[in-house]
Visitor: 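Quick one: the structure is below, questions incoming.
Quick caveat, the model's predicted, so the values are computed rather than measured.
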Amino acid sequence: MVWDVSYTCDICGKKKGESNHWWMLLLGDVPCYDEGQPHQAFTILPWNSAESRNPEMRHLCGQNCAMKALERFMTTHNVDRELAEAD
Ligand SMILES: [Zn+2]
């Protein structure tokens with residue numbers, strides 16, 4: 001089996017191999033939110049090879065990184081490592 005697309009965990013940077021405990025994370029807009037609250041919804045989706053090519057999807061290598069992403073989302077409102085640690 002040849003992998004035409006290689007995926008990297010958006011949290012820890014691990015590369016996806018053949019084992020599949022991976023999940024996808026989608027940050028969606030919410031219609032209304034209070035001032036100072038995150039204006040996105042945190043959605044975990046089961047891995048799907050077609051959807052995983054969607055540029056809006058973040059890729060998570062497993063439960064640990066999903067928990068880390070959720071923690072970042074709830075504390076910094078941002079799951080992206082570089083941006084979250086920028087200031
Ligand atoms: Zn990871």
Side-chain angles (χ1 to χ4, degrees):
M1 175 137 192
V2 176
W3 294 91
D4 54 342
V5 184
S6 75
Y7 297 103
T8 306
C9 176
D10 285 303
I11 300 299
C12 72
K14 185 172 143 184
K15 285 228 186 307
K16 189 175 187 312
E18 299 209 14
S19 70
N20 199 339
H21 302 288
W22 284 54
W23 293 79
M24 301 184 298
L25 165 63
L26 180 64
L27 293 180
D29 292 330
V30 294
C32 31
Y33 53 93
D34 284 346
E35 179 114 23
Q37 295 281 45
H39 49 90
Q40 287 184 307
F42 184 101
T43 309
I44 294 283
L45 297 99
W47 188 265
N48 173 278
S49 44
E51 272 304 299
S52 62
R53 290 174 172 78
N54 181 337
E56 305 218 327
M57 291 293 177
R58 287 169 173 81
H59 310 112
L60 303 170
C61 68
Q63 189 187 349
N64 280 350
C65 284
M67 297 304 285
K68 241 178 257 173
L70 178 60
E71 194 185 330
R72 273 182 208 166
F73 177 74
M74 293 178 79
T75 54
T76 68
H77 303 170
N78 194 334
V79 299
D80 297 310
R81 180 173 39 179
E82 292 80 11
L83 292 172
E85 290 174 1
D87 5 301

Visitor: According to the salt bridge (charged side-chain N to carboxylate O under 4.0 Å, His left out) rule, which pairs have a member within residues 56-66, sequence neighbours left out?
Guide: Arg58-Asp80
Visitor: Applying side chain to side chain contact (heavy atoms under 4.5 Å, CB included), run through Trp22 and Cys9 and close with a yes or a no.
Guide: CA-CA 9 Å; Trp22 284 54; Cys9 176; 3.9 Å; yes
Visitor: Please name the pair of heavy atoms, one in Leu25 and one in Ala69, separated by the smallest distance, quoted to 0.1 Å.
Guide: CD2-CB, 4.1 Å
Visitor: So which heavy atom on Trp47 is nearest to which on Ser52, and how close?
Guide: CZ2-CB, 3.5 Å
Visitor: Got a sec, which hydrophobics cluster with Met67, joining ILVMFWY side chains under 4.5 Å apart, including via others?
Guide: none
Visitor: What residues, two or more places apart in sequence or in another chain, satisfy ring-ring contact (aromatic ring centres under 6.0 Å, His included) together with Trp23?
Guide: none
Visitor: Which is it for Leu60 and Ile44 under the side chain to side chain contact (heavy atoms under 4.5 Å, CB included) test, yes or no, and what are the steps along the way?
Guide: CA-CA 9 Å; Leu60 303 170; Ile44 294 283; 3.6 Å; yes
Visitor: So, using side-chain contact (heavy atoms from CB on, under 4.5 Å) as the criterion, who are the partners of Gln40 when residues are at least two apart?
Guide: Leu27, Asp29, Phe73
Visitor: Can you check whether Gln37's main-chain N or O pairs, donor with acceptor, with Asp34's side chain at less than 3.5 Å?
Guide: no
Visitor: What distance do His59 atom NE2 and Ser6 atom OG have between them, rounded to the nearest 0.5 Å?
Guide: 10.5 Å
Visitor: Under the rule for side-chain contact (heavy atoms from CB on, under 4.5 Å), what residues qualify as partners of Asn64, not counting sequence neighbours?
Guide: none
Visitor: Could you check whether any side-chain heavy atom of Leu26 comes within less than 4.5 Å of a side-chain heavy atom of Leu45, counting everything from C-beta outward?
Guide: yes
Visitor: Quick one: ring-ring contact (aromatic ring centres under 6.0 Å, His included) partners of His77, sequence neighbours excluded?
Guide: none
